[in-house]
Enquirer: 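Before anything else, here's the structure in question.
In the text below, chain A, chain B and the rest are named by the order of the sequence lines, each starting its count at 1.
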2 protein chains.
Amino acid sequence: MADNPADAADAEPTLEEQIAAYQREFQDLDPQVEQIVSALGRLNRRMNVAYGRQTASLGITNAEWEVLKALVLSGAPYRMGPGDLAKRLGLTPAAMTHRIDRMVAEGLVTRDRDESNRVRVIVELTTEGRAKWLEAMRAASGFEEDLLQDLSPEERGVLGEVLTRLLRRVEDAQPDAGGRLTDLT
Amino acid sequence: MADNPADAADAEPTLEEQIAAYQREFQDLDPQVEQIVSALGRLNRRMNVAYGRQTASLGITNAEWEVLKALVLSGAPYRMGPGDLAKRLGLTPAAMTHRIDRMVAEGLVTRDRDESNRVRVIVELTTEGRAKWLEAMRAASGFEEDLLQDLSPEERGVLGEVLTRLLRRVEDAQPDAGGRLTDLT
DNA sequence: TGTGTATAGTTTAGATCCTAACTTTAGCTT
DNA sequence: AAGCTAAAGTTAGGATCTAAACTATACACA
């Protein structure tokens, strides 16, 4: 995660050039829609690169940071089962087993059998894991403040509201066979 | 890519619950900033899942779709070198070699040595590859229209403009050692 | 009890990616 | 021309992920 090739200055065309190229190759395109979608995708990619740099400088990976986040958000005493963690992060249980292996080795979490139900396993945040999360959180929120610095309070409000509305639309709607979103309401 | 665990309905807390949890665990947090950032990240993840379902139903992967996009956007005659493709997609040249292997085997692209400079290799879109791109493009833009359907023209304009401004900020600013964005202007 | 079934997690095999070393070609420099 | 250096791509080995088989535990019901 430290030196991903995605970090490199990547000879990408500007957003304007890219949209012009799409219009040239696909006449049916709505340039306004494409601008929103392309900007969204690229912004997200850049942000993940930035997060990756920050977590790497703290000696953890983005993957580990995700696990720390899930545990902290679950609230004290910061315990979850591997299966719940896997669902929460969109991973297979197998991948979670390995990820937890690594994090136990680094002292970020502990793994113990649940004595009241010996099929279950309890992953618990260590003090060190909680401290790492806090450091990463501070760095991330500083970066996020910088990113949004030029937006007026009104713009922030509109942006948050509109993005939330879009999110609700993807989360609530069920795509049909062709991938179109059909309203459930 | 077809049946990623990320596709599953993932027991994720609602955005509101998540922001409340962040505030509980990290008092310095600006809820408005967190709403924007969280909605952005989750929206992007859901959209990628949707794209993945669509490309899978066309018999290609999202990874292959990215290559097709880069080639089409480069314009006729739809040729690029593996190195340029790798930079464009944020992959290592090694990964691109393997990805092209697969796509050649599937008939989406051809790979030939450049006879005018025998160190170089030319990857060229096939007719079938171009057709696949067009199908995927139609599906994607349909989905994108559905997604933005509830946004007024004014909202679309503001959203596109604000996202573009944010993107410019990450692309132009150089993060310092702590990951903070410093203006270059 | 005993057995069937479901659940939780791990293990194994295969896929894709990254890092690093290597090969081939081109272009300088002397 | 000979050799140095840089550039483009491939190969080899390790890391992390998915899919599928497997193990262990718990619970229901005869």
Enquirer: With a 4.0 Å cutoff (strictly under), does any side-chain N or O of A:Arg102 reach OP1 or OP2 of D:dT16?
Expert: yes

Enquirer: Given side chains that start at C-beta, do those of A:Asp150 and A:Leu148 come closer than 4.5 Å, heavy atoms only?
Expert: no

Enquirer: Parallel, tilted or perpendicular: which describes the rings of B:Tyr51 and B:Phe143, with under 30° parallel and over 60° perpendicular?
Expert: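 Rings of B:Tyr51 and B:Phe143: perpendicular, over 60°.
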
Enquirer: Under 3.5 Å, is there a donor on one side chain and an acceptor on the other for B:Glu64 and B:Thr55?
Expert: no

Enquirer: Separation of A:Asn117 atom CG from C:dG9 atom P, in whole Å?
Expert: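 It is 9 Å, rounded to the nearest whole Å.
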
Enquirer: Identify the pairs formed between an N or O of the protein and an N or O of nucleotides 21-23 of chain D at a distance under 3.5 Å, and give each distance.
Expert:
none

Enquirer: How long is the line joining CG of B:Asn62 and P of D:dT18, in whole Å?
Expert: 15 Å

Enquirer: Is the closest side-chain donor-acceptor distance between A:Thr126 and A:Glu128 under 3.5 Å?
Expert: no

Enquirer: Is the shortest side-chain N to carboxylate O distance from A:Arg165 to A:Glu161 below 4.0 Å?
Expert: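 Yes, this pair counts.
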
Enquirer: Counting primed atoms plus P, OP1 and OP2 as sugar-phosphate and everything else as base, spell out the protein contacts along nucleotides 8-13 of chain D at 4.0 Å heavy-atom distance: B, S or - for each nucleotide, 5' to 3'.
Expert: BSBB--

Enquirer: Out of A:Leu159, A:Val158, A:Thr164, which one pairs with A:Val162 under the side chain to side chain contact (heavy atoms under 4.5 Å, CB included) rule?
Expert: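 Of the listed options, the one satisfying the test is A:Val158.
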
Enquirer: Strictly below 4.0 Å, N to O, side chains only: are B:Arg46 and B:Glu12 in salt-bridge contact?
Expert: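 Salt bridge: yes.
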
Enquirer: Using whole Å, what does the distance between atom P of nucleotide D:dT16 and atom CE of A:Met103 come to?
Expert: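 One finds 12 Å between P of D:dT16 and CE of A:Met103, rounded.
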
Enquirer: Roughly how bent is the helix from C:dT1-D:dA30 to C:dT30-D:dA1 end to end, in steps of 10 degrees, with each end axis from five pairs?
Expert: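 Terminal axis comparison yields 10°.
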
Enquirer: Answer with yes or no whether the side chains of A:Gln18 and A:Arg42 bring together a donor and an acceptor at under 3.5 Å.
Expert: yes

Enquirer: Under a plain distance cut-off of 3.5 Å, with no hydrogens placed, do A:Glu25 and B:Tyr78 share a side-chain donor-acceptor pair?
Expert: yes

Enquirer: Could B:Asp146 and A:Arg169 be called an ion pair, given the rule that one side-chain N must be under 4.0 Å from one carboxylate O?
Expert: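 Answer for the salt bridge query: no.
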
Enquirer: Nearest whole Å is fine: how far is C:dA8 P from A:Asp112 CG?
Expert: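 It works out to 19 Å between those atoms.
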
Enquirer: Nearest nucleotide by nearest heavy atom, which residue falls closer to the 5' end of DNA chain D, A:Arg99 or A:Arg118?
Expert: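 Going by which nucleotide is closer to the 5' end, it is A:Arg99.
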
Enquirer: For the hydrophobic clusters of this structure (ILVMFWY residues joined by side-chain heavy atoms under 4.5 Å, transitively), does one cluster hold both A:Val33 and B:Met47?
Expert: yes

